[in-house]
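Step one of this worksheet: look at the structure below.
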Amino acid sequence: MRIYFDHNATTPVDPAVAETVTRVLTGEFGNASSVHHFGQRAKALLDEARSAVAALLGAEASEIVFTSGGTESDNFALRGVAEAMEPTGRRHLIASSIEHEAVLNTLKALMRRGWRTTLLPVDASGIVHPDALAGAIADDTAIVSVMHANNEIGTIQPIAELARLAHARGALFHTDAVQSVGKIPVDVGALGVDLLSLSAHKFNGPKGAGALWIKRGARVTAILTGGKHERNRRAGTENVPAIAGLGVAARLAAAKLAAEAARVAALRNRLEEAILAAVPGTTINGAREPRVPNTTNISFDAVEAESLLIALDLEGVAVSTGSACSSGTLEPSHVLRAMGLPSPRTQNSIRLSLGAGNTEAEVDFLVSKLPGLVEKLRSLTRKSSVVSR
Ligand SMILES: Cc1ncc(COP(=O)(O)O)c(C=O)c1O
């Protein structure tokens, strides 16, 4: 038996999405820029997908630019606005300290080109406070980027309030909604943002397809130059099969959003309560609300997260840790560190992210295994600390 509790990393492709991608890949090879019949069929597929993604976001189809996924959309938003705003004298960028690397490393690249950047702190529950933005924003801030939902702990940020503050100082506002689209309602009008990133593979679509929503009139320079694709905003022949798949995933997400969010939240809450009750020395990291319904991040005292991940994998259960293993040392999660968690807890945490297909039986299987695995790892740690003393 294999159980997948790592849906924030990626999700299985929905069968209806796979059917569409396969049909388009094998039967619709036209280039959407071609004037003839083959090209027009491909263009119709893109139009259909564009309408589906726009409907999911409460946006206009003409505001959707297809990209290769979340990373490109984040790069496009930050680099595109930075380049467009440079002539106005704005040279300052703001993001939260718990952004995905797609944002953080893009800021670093822009810093090397002379941009000033400010990373906003979060509180112990993983929320960015509007006061922090009010204190950091300057007259030359070009763009503020704060993610909608965090990939490691699932907390949802007060985007509408943050966007209002940015606009009051003439800055644009971008949100990386890669972890919220398809999980909770995302309406660009209600959020009040100017740019929003999404990625198909986080909501049962194919990898390598995503979109940047750009509010009509927002000044963004294209970062990929070449042909006139995507109304001059993103050059390169469109990946029609993957984009058609993104469109189907968007329609499916819209149709089942409310029911699936409630189902997954009930499973996640059952999992959390059972783990807290069955395993001593456990803590939930981050605010429990507002949070996306599928995510929990739990610290296990005196257990190295990587060892627990491997032990669970041997039992057939896939989870993840926020820490990255580089050159033999565990790099603690930048998200948990930004929340001010003490260093053992940043290294003892596991992320469980649920999704379509997960069942109560799977949750109960994990809960039946966990106490024994944790106890075994703790006793090994105790023994090794005795030996090394
Ligand atoms: C919050 C967030 N932003 C951006 C990305 C990058 O998206 P993609 O894998 O489509 O490049 C991810 C993926 O893990 C993510 O979780």
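Both counts, for ligands and for their atoms, begin at 1 and track the order of listing. Everything numeric in this text was worked out from a predicted model, so none of it was measured.
- Here the rule is side chain to side chain donor-acceptor pair (under 3.5 Å) with R351, and of D6, T295, T296, N151 only D6 fits it.
- A salt bridge between E161 and R164 is absent, with no side-chain N of the basic residue lying under 4.0 Å from a carboxylate O of the acidic one.
- Residues V144 and R169 form no side-chain contact, since every pair of their non-hydrogen atoms from C-beta on lies 4.5 Å or further apart.
- Residues H334 and S97 have side chains not in contact (no heavy-atom distance under 4.5 Å, counting atoms from C-beta outward).
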Under 3.5 Å donor-acceptor pairs involving side-chain atoms of residues 182-193, not counting sequence neighbours:
unit_1, atom_1, unit_2, atom_2, d
K183, NZ, N8, OD1, 3.1
K183, NZ, Q179, O, 3.2
K183, NZ, Q179, OE1, 2.6
D187, OD1, G189, N, 2.9
D187, OD1, A190, N, 2.9

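- With T20 as the partner, the side-chain contact (heavy atoms from CB on, under 4.5 Å) test is satisfied by one option alone out of T22, V17, V24: V24.
- Within 4.0 Å of ligand 1, counting heavy atoms only, the contacting residues are G69, G70, T71, D74, H100, M147, N151, D176, V178, Q179, S199, H201, K202.
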